[in-house]
Amino acid sequence: MSYRQTLEFLLYQWLDAAALDQRTRFADHSRETFDAVLETCERIAREKYAPFNRIVDTEEPRFDGEQVILPQATYEAQKAYAASGMLSAAQDYEMGGMQLPYTVEAAANSFFAMASVSIGSGLLTAGNANLLMAHGTPLQKDVFAKHEFAGRFSGTMCLSEPQAGSSLSDIATRAVPDGDDFASDPLGPRYRLKGNKMWISAGEHELTENIIHLVLAKIPGPDGKTIPGTRGISLFIVPKKLVDAQGHLTGERNDVALAGLNHKCGWRGTTNTLLNFGEGKYPVRGTSGAIGYLVGEPGQGLRCMFHMMNEARIGIGMAATMLGMAGYHASLDYAKNRPQGRPIGPAGKDATQGQIRIIEHADVKRMLLAQKAYCEGALALNLYCARLVDEQHTGPVQAADEARLLLEVLTPIAKSWPSEWCLEANSLAIQIHGGYGYTRDFPVEQYWRDNRLNMIHEGTHGIQALDLLGRKVLMENGSGLALLADRIGTTIDRARKHPELLAFADQLEQALQQVGAATRAAWSTGNPTEALANAVPYMQAFGHTVLAWIWLDVALTALGAASDLANQGRLLVARFFFRYELPKIDAWLNVVQARDLTCADFPEEAF
């Protein structure tokens, strides 16, 4: 079964995305226009991305002293993607968009991630522009966001610093007013920024006319001191090249300099940079300091940036999913064609028999089933979250608020679960290839290297777990968790009407009760140290429970659809997940429920 068939089943039969054209915002669309978008993106990915995935891995970005050099294929891919209109696909017609449902946009973008996630498909640029659409002034939207959507400018997010990493309360980048007239600049209150930003993806290149950096920095008070913690963080637009109020380049280079390229294990086709802001390498109007324009209110930078961060987290979950999917399809093809071993009969192996293909071995099928369960399950989860985004933006008031709540709870899972388990799928793909999988003659080792980043990217695994157990399941008096449990309960009730799914419904109900009990037990003492000591095992169990729900819901759709091998396969994968995967939650939740402090209390000197 092709990836396109899997995608269309989830999109149209499971999520009924075609029905979105009944909403006013999407009224100009139909199944035909959605299919046309999918077809276009699949073709561009096949022609401009997939053939060059190995090239961008081996020909890493390099700096010649003046500019970053990238393979020509990267320029061609970026140009084709921008011309497709996908950067602005979900935007209003007035912004050059298609008013495409985000569900369809996410599905279409998955082709690029599967073909070559390393080349990139504008994830950060679109997220940057979307943030400005939510929090920028009308002129900031027109001058910066509009040109990003058109592909003329690209965007970044600049949070981490060499000394701070994920601890944003410790950032040291400062922003001070630029002159007495700083507040009257038409592009927004104008500041001078000085500081360093680390791990900035696509932070320097020549792919677009300009790069628009969104930078977190602190504004000192009258005493020269900054507010401790995250409350003092503000957000600024810092273009690589200065522009006027019409969006034209002025010819002035902003004081933003490349300090170095990071050479990564994977995802090598995208530059990853250390940037110096305001060091004086490119003085503006005779003075050091990078020109930046305030977005929103002072001290509200992190709140604004979370708009982009949450979008990026779902995007990273989809990237991890598609890397896993690429490895799955590669290993499936290999297993169907690689002869090795002989069939086992009552007397053992018969050396007189011809070799069989490795897909005929039970353990190879186990590894393929695991990959299929992880990757297609993660794809379903990410598309479900995309559908929630559409519901939040275009649904009735109550449905929109429920979608918001569900997204709050599910975003850590949508990012972290694919990052862990689709990486495991990549490992299994290597294993199926045997020794060949460990060589560069086959693509699966690159998929693993590219995917290893995603458990770190956009908030580490541990940070996502702390967010889930420390915030998301507790927020609004636990209403998000209760709503998710209600949705899962609805699926359980539907499944109980089908004898072949009854056992799985009962098993999922028990798992849901275990997660609820563990959540209450973790916080029963009110001590965050005890509650959060095992946040990652909690998130693993929570994620597996969510994916069991997803697979049960998908199985219900498959049961009511055509009785073909594809739907039979979906039912069997659901069975695999319930028998081989869901039972793992017992061990994870045991330490959560007991508030086990084995890890937290382990003495440093004993390592």
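Computed from a prediction, not measured in an experiment: that's the story for all the values here.
For the pair Leu481 and Val409, the tightest heavy-atom approach, listed with the atom from each and the gap, is N-CG2, 3.9 Å. For the residue pair Glu161 and Gln163, the shortest heavy atom distance occurs at OE1-NE2, 2.7 Å. Nearest heavy atom pair, residue Glu402 against residue Leu483, reads O-CD2, 3.4 Å. Closest non-hydrogen pair, Ala175 versus Pro220, comes out as O-CD, 3.2 Å. The nearest pair of heavy atoms linking Pro61 to Leu261 is O-CD1, 3.7 Å. Here the shortest heavy-atom pairing between Ile233 and Gly229 reads CG1-O, 4.2 Å.
A salt bridge links Glu204 to Lys240: at least one charged side-chain nitrogen sits closer than 4.0 Å to a carboxylate oxygen. Salt-bridge check for Asp390 with Arg387: failed, with every basic side-chain N at 4.0 Å or more from each acidic carboxylate O. Checked for salt-bridge contact, Asp450 and Arg268 miss the test: no charged N lies under 4.0 Å from a carboxylate O. Using a cutoff of 4.0 Å between basic side-chain nitrogens and carboxylate oxygens, Arg285 and Glu252 are scored as salt-bridged. The pair Asp181-Arg190 meets the salt-bridge criterion, since a charged nitrogen lies less than 4.0 angstrom from a carboxylate oxygen.
With no hydrogens or angles considered, a side-chain donor-acceptor pair links Asn109 and Tyr81 at under 3.5 Å. His205 and Ser154 share a donor-acceptor pair across their side chains, judged by distance under 3.5 Å alone. Defined by atom type and a distance below 3.5 Å, a donor-acceptor pair is present between the side-chain atoms of Thr394 and Arg23. Side-chain contact annotation: Gln91 with Asn130, donor-acceptor N/O pair under 3.5 Å present.
The ring of Phe277 has its center closer than 6.0 angstrom to the ring center of His213.
For Lys415 (side chain) and His461 (main-chain N/O), no donor-acceptor pair under 3.5 Å exists by modelled atom type. In terms of modelled atom types and a separation under 3.5 Å, the side chain of Trp523 and the main chain of Leu469 share a donor-acceptor contact. With Asp21 contributing its side chain and Phe26 its backbone, the two residues share no donor-acceptor pair below 3.5 Å.
Interatomic distance, CE of Met455 versus OG of Ser416, reported as 8.5 Å (0.5 Å rounding).
Ring planes of His147 and Phe153: tilted class, angle from 30 to 60°.
Among residues two or more places apart in sequence or in another chain, the side chain to side chain contact (heavy atoms under 4.5 Å, CB included) test is passed with Ala129 by Ala145, Glu148, Phe149.
When side chains are defined from C-beta on, Lys241 does not count as touching Tyr282, because their heavy atoms never get closer than 4.5 Å.
For Arg231, the CZ atom counts as loosely surrounded, since its 6.0 Å shell holds 12 or fewer non-hydrogen atoms of other residues, nucleotides or ligands.
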Cut-off 3.5 Å, no hydrogens considered: what does the side-chain donor-acceptor table look like for residues 292-301, sequence neighbours left out?
| residue | atom | partner | partner atom | Å |
| --- | --- | --- | --- | --- |
| Gln300 | OE1 | Arg303 | NE | 3.1 |

